[in-house]
Amino acid sequence: MKRVLKVVVALLLPLSLTARENVSVFVYSPAPSDGLHIAVQEGNVWREAGRLCSSDYGTWGVEKKMYHPSVCRAQDGTWRLVFQVNDRASLFAASYSRDLVNWRPQDYPIMSTKQCLEPVVFPNPDGTFDVYYKSSQGKRWTSVTPNFRDFAPDRASQIGDDAWVRDTATISGKCYEGNGFEISSMEWEKIEEYFRQSGEDWRKTNERMHDDAKNPVLPKEPVRATLDVDLSRQKSISDKLIGIFFEDISYAADGGLYAELIQNRDFEYSSRDHRGWTATTAWHSTRPIQIENGHPLSANNPHYAIVTTDTLWNEGWDGITVEKGKNYDFSMFVFAGGQKQDFQIMLIGQDGIVLAKSKLKTQAGDWQKYTTVLTAKVSDTKARLAIVPLKVARVGIDMVSLFPQETFKGRKNGLRKDLAQVIADLHPKFVRFPGGCMSHGQGLENIYHWNHTVGPLQDRKPDFNIWNYHQTRGLGFFEFFQFCEDIGAEPLPVLAAGVPCQNSAANALGIGGQQGGIPMDDMPAYVQEILDLIDWANGDPATSKWAKMRADAGHPAPFNLKYIGLGNEDIISTVFEERYEMLARAIRAKYPDIKICGTAGPFHAPSADYQEGWDFARRHPDLQYMLDEHYYESTGWFMHNRHYYDSYDRNGAKVYLGEWAASTKTKRPNVETALAEALYLTDIERNGDVVEMTSYAPMLSKDGHSNWNPDMIYFSNTDVRTTPAYEVQRLFSVYGGDTYIASSFSGIDSTCQHRVGASVVRDSKTGATYLKLVNALPTELSLTVRGLDIPATASTEGFAGSPEEQQLTIVKGEAGNAIVLPAYSFRVIKL
Ligand code: AHR
């Protein structure tokens, strides 16, 4: 205790007494949602310099708060931070920094007490640290190893209140509590430089094509330039650069790509899915619908409806769209006990007319599936399904289903044909599924378990969807793998790395965020679950029960899974790293050929998770073949970060840019976002030796149910609308290659080089060469191409428009004798 007091006294020394070449700084939090700031003393005045870090704990909007930060400096000059996250959780936040500006992702060590209030941290001479905090059980103490990751179980402490005495400083007229330090002027210069650079980056990032008329550096007259193509400088690049990201967000799966027309077919909706939802949501009757669970069809689907004499109606997903002359497969399970029931199954149009009908006779007895086919006599976009009992009898019904017979590739339990076709037209080289945040889930209980999504539909385990609705799991892993095969894409399943989403709400114990991860005792079972997936996908049905399950579902041949993703933009905490390592080691040991993809967190450099994610990959090169980076950014950011991958280590892990999209204030894909993405993709192709895969995200969004914007494809029950983002992805995918040929511009002013892009790739399979040209300038660009023979008859495909346009017209033509790119245009020339 003495030692602690000494440190506190040292911190309280008047800052003016210290050596001249040092700079006095003060770290503090101006407000809980504003994180940790630093101020510098100039004369007698404290000047706020900027934000150092902020809380990453818990859900957005409600949590992410930093209370009572306490910072100390270790003997080796590094920094440690602890803070309180709220007044309920049995944890505090802890972080580490070498320079005060870059902080390691926060850890939230779980203590034995109900609360961890006002934690304070002190360094010990042996390199360890003491953390004291207050709780309703009195003052507590825990000690931490030098790496600031391993916290001892907490114990009662008799430490005096002096430990909580903090420094104060008045900044902009307001007095704050915090910690004061003397740092060298060199250290301070680095901090200032960091803030200066961030400010400059931020200004560049704000550049918008929409504002070009006011941009003084851009040309007002047509530009003439030369593109030199150097055929002697070629390199191999990934032939899987463009794939797709599939997540059940914005009704992408249920009510979307999954062709099921009945909503809440399993009567499993509840308020966990969405506030106010119940087992009867989307169902209607003249009297309250009776729901029971005493004799379930499957333990995973406990609820079913009782039908006696009243008609049951289902409203579908915003209505049921049916087309005249088309057939629809109806099915339901009926449990009739001792009574027989017959039904009239009907589709009723908006005007009350009968669009289709068919009788269904059921037998007395236990649960049994009954089927019939409905043929629509008239088209309607908002039909309803009616289940009309024809006798007086009491039966249970469950898994009520209606599928168009026309699904993508005619698959049973298949996908919506029009939507799947638009996706297939992208020719994606891989499909990432099932998310996104849905993979790691809202809390431990909601982690996506692939094995809950295979087998008979009634036995699959539905769950709530992190995006505030319901997952039936009708579109499960079998359907995902089958879709990949149907469109010639590699499957890339991404599963939780033993931790839920770091933005999760608190569990029953009041612990939010990663919730401490899957308990270590349960990890072996989770590791086995991931190994089972590989066995299910690739194993031999004669020897493996999982592979037999695949074969029984209709696919005896292996799916030939090559990649697996572990983690989705997680906070790269100690809890994450421990679990990731367990999973990856087990996969490496049993399936050394499987390429494992790790994660670099939710943001680009220099974010904490990005840095720690890549550091972790460098420390464990055997555990990550590839790292998943995510960033959603402004068009300005993409235009000014064109060299992002140029300096990546060619001998390290590959990059999977797994989620990305450019956006403007309108949050809709338009010509401006498309051109920013096209520019960036020319740079991705140049770096195709280190970037192996990319996928724009999110892919799908249903009208009226959007959780996120912008998206690549918008749809309703009746139409599918592609966007400028889609066209850019399609053009880069269809006209991709496996060899990159170097090229460079001359004649373009350095102030606007970020607005033009070119990339030459060759596809060794077809022998075709593609030249992609992007002109994001507000003026025409006349180009002389040297080093590449471009016949006037070479075919071209592309678009031009004004930055705000959301609808593109794809123009096909011929190269002609002169290459003139209109303002704001993109063109592919096929050679
Ligand atoms: O793409 C939408 C969401 O963005 C994903 O679920 C998540 O990974 C990211 O935050």
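Order of listing sets the numbers, starting from 1, for every ligand and every atom in it.
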Within ligand 1, which atoms have a heavy atom of [X] less than 4.0 Å away?
X	value
Trp467	3 (C), 6 (O)
Glu569	7 (C), 8 (O), 9 (C), 10 (O)
Asn568	8 (O)
Phe245	1 (O)

So, do [X] and [Y] sit near enough that their side-chain heavy atoms are less than 4.5 Å apart?
X	Y	value
Gln515	Leu509	no
Ile242	Leu426	no
Phe732	Leu241	no

> Just one of Phe638, Phe245, Tyr632 clears the ring pair (Phe, Tyr, Trp, His ring centres under 6.0 Å) bar with Trp660, so which one?
Replying inline: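 The ring pair (Phe, Tyr, Trp, His ring centres under 6.0 Å) with Trp660 is passed solely by Phe638 among Phe638, Phe245, Tyr632.
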
> Got a donor-acceptor contact below 3.5 angstrom from the Lys64 side chain to the Val62 backbone?
Replying inline: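 It does not hold such a pair.
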
>> Is there a polar contact between ligand 1 and Gly436, counting only N or O atoms under 3.5 Å apart?
In response: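 N/O-N/O distance under 3.5 Å: no.
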
Among all protein non-hydrogen atoms, which one is nearest to [atom], and what is the separation to 0.1 Å?
atom	answer
atom 9 (C) of ligand 1	Glu659 OE1, 2.9 Å
atom 6 (O) of ligand 1	Glu247 OE1, 2.5 Å
atom 1 (O) of ligand 1	Tyr632 OH, 2.7 Å

>> Does the residue Pro698 have a heavy-atom contact with ligand 1, meaning some pair of atoms that are separated by less than 4.0 Å?
In response: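 For ligand 1, residue contact (heavy atoms, under 4.0 Å) with Pro698 is present.
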
> How does Met438 reach ligand 1, by side chain, by backbone, by both or by neither, if only non-hydrogen atoms under 4.0 Å count?
Replying inline: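 Neither part.
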
>> Taking side chain to side chain donor-acceptor pair (under 3.5 Å) as the criterion, tell me which of Gln514, Arg579, Glu612 meets it with Ser573.
In response: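 Answer to the side chain to side chain donor-acceptor pair (under 3.5 Å) test with Ser573 among Gln514, Arg579, Glu612: Gln514.
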
>> Which residue in the set Tyr610, Tyr631, Trp637 passes side chain to side chain donor-acceptor pair (under 3.5 Å) when paired with His604?
In response: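 When side chain to side chain donor-acceptor pair (under 3.5 Å) is applied between His604 and each of Tyr610, Tyr631, Trp637, only Trp637 qualifies.
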
